[in-house]
Amino acid sequence: MASPQSPLSTHQHYSLFLAIFSLAVGGFCIGTTEFVAMGLIQEIANNLHITVPEAGHFISAYALGVVIGAPIIAILGAKVPRKTLLLGLMLFYGIANACTALAHTPETVLISRFIAGLPHGAYFGVGALVAAELAGPSRRASAVAQMMMGLTVATVIGVPLATWLGQNFGWRAGFEFSATIAFVTLIAVGFFVPNIPVQATAS
């Protein structure tokens, strides 16, 4: 990695771009999944034969998973290599969304949405740390902003697209889309994000 004062070489710049883009795709996936249930709440309620307020519990379950999962994973994963943790979180996220797409009762949808929320906050936290470390001290702010741009793009493109899929091909298609993006992220992170040694002082 170049020093904070030296410009990046073309190869370094390209490698950094691919790493941050991979992390941003994960943010796109999570952002899309976070909000798509709101756009498909009527379709979910009709399919599961429940009321819209009852279907709203699926959104609350996801939010509860975020609140519970972020601090617990941060504590348990402090000594885990960051790339390994990112891969584990995104694999978990993809499987959880696939389970939502396969669920056929309100109870199983509720449980799968809670489980899907668990890695949400931890992914953004770890991803921001990785982006900042790869970019170096002088480029940290822009690297984290670029990584978080995936969430912004999700609200503009990802959520409408997933909602359209769910409204035209069944609500499960929206979550199948999210699960697919999660596995794409898994591959991208595996190829383009380098291993970062765990600091001895990490806690």
Give a yes or no on whether [X] and [Y] share a hydrophobic cluster (residues Ile, Leu, Val, Met, Phe, Trp, Tyr; joining criterion: side-chain heavy atoms under 4.5 Å apart).
{"X": "Ile20", "Y": "Met149", "result": "no"}
{"X": "Leu165", "Y": "Val25", "result": "yes"}
{"X": "Trp164", "Y": "Met38", "result": "no"}
{"X": "Phe175", "Y": "Val159", "result": "no"}
{"X": "Leu85", "Y": "Ile196", "result": "yes"}

A side-chain contact here means heavy atoms from C-beta on lying under 4.5 Å apart; do [X] and [Y] qualify?
{"X": "Met148", "Y": "Val144", "answer": "yes"}
{"X": "Ile30", "Y": "Met90", "answer": "yes"}
{"X": "Trp171", "Y": "Gln42", "answer": "no"}
{"X": "Tyr123", "Y": "Thr185", "answer": "yes"}
{"X": "Pro194", "Y": "Leu134", "answer": "yes"}

Specify the closest pair of heavy atoms between [X] and [Y], including all atoms of both residues, with the distance to one decimal.
{"X": "Leu40", "Y": "Ala162", "answer": "CD1-O, 4.2 Å"}
{"X": "Pro119", "Y": "Leu89", "answer": "CB-CD2, 3.6 Å"}
{"X": "Ala70", "Y": "Gly121", "answer": "CB-CA, 4.1 Å"}

* Are Asn47 and Arg172 close enough, and set up right, to give a side chain to side chain contact (heavy atoms under 4.5 Å, CB included), and what steps lead you there? -> CA-CA 10 Å; Asn47 181 257; Arg172 301 176 195 282; 3.3 Å; yes

Can you tell me how far the [atom1] atom of [X] sits from the [atom2] atom of [Y], to the nearest 0.5 Å?
{"X": "Glu54", "Y": "Leu48", "atom1": "CD", "atom2": "CG", "value": "10.5 Å"}
{"X": "Phe28", "Y": "Thr155", "atom1": "CZ", "atom2": "OG1", "value": "9.5 Å"}
{"X": "Ser178", "Y": "Leu161", "atom1": "OG", "atom2": "CG", "value": "9.5 Å"}
{"X": "Met147", "Y": "Phe124", "atom1": "CE", "atom2": "CZ", "value": "6.0 Å"}
{"X": "Thr163", "Y": "Ile41", "atom1": "OG1", "atom2": "CD1", "value": "11.5 Å"}

* Which is it for Phe58 and Thr100 under the side chain to side chain contact (heavy atoms under 4.5 Å, CB included) test, yes or no, and what are the steps along the way? -> CA-CA 10 Å; Phe58 304 147; Thr100 298; over 6 Å; no

* Could you tell me whether the side chain of Tyr93 and the main chain of Leu118 form a donor-acceptor pair under 3.5 Å? =>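 Absent.
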
* side chain to side chain contact (heavy atoms under 4.5 Å, CB included) between Ile181 and Thr33: does it pass, once the steps are laid out? -> CA-CA 10 Å; Ile181 300 300; Thr33 305; over 6 Å; no

* Asked: After noting the C-alpha distance and the side-chain angles of Ile115 and Phe92, does the key distance pass the side chain to side chain contact (heavy atoms under 4.5 Å, CB included) rule?
  -> CA-CA 9 Å; Ile115 293 174; Phe92 188 91; 3.3 Å; yes

* Within a reach of under 6.0 Å around CZ of Phe183, are more than 12 heavy atoms found that belong to other residues, nucleotides or ligands? ->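 Enclosed.
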
* Residue that, paired with Tyr62, satisfies side chain to side chain donor-acceptor pair (under 3.5 Å) out of His120, Glu34, Arg113 -> His120

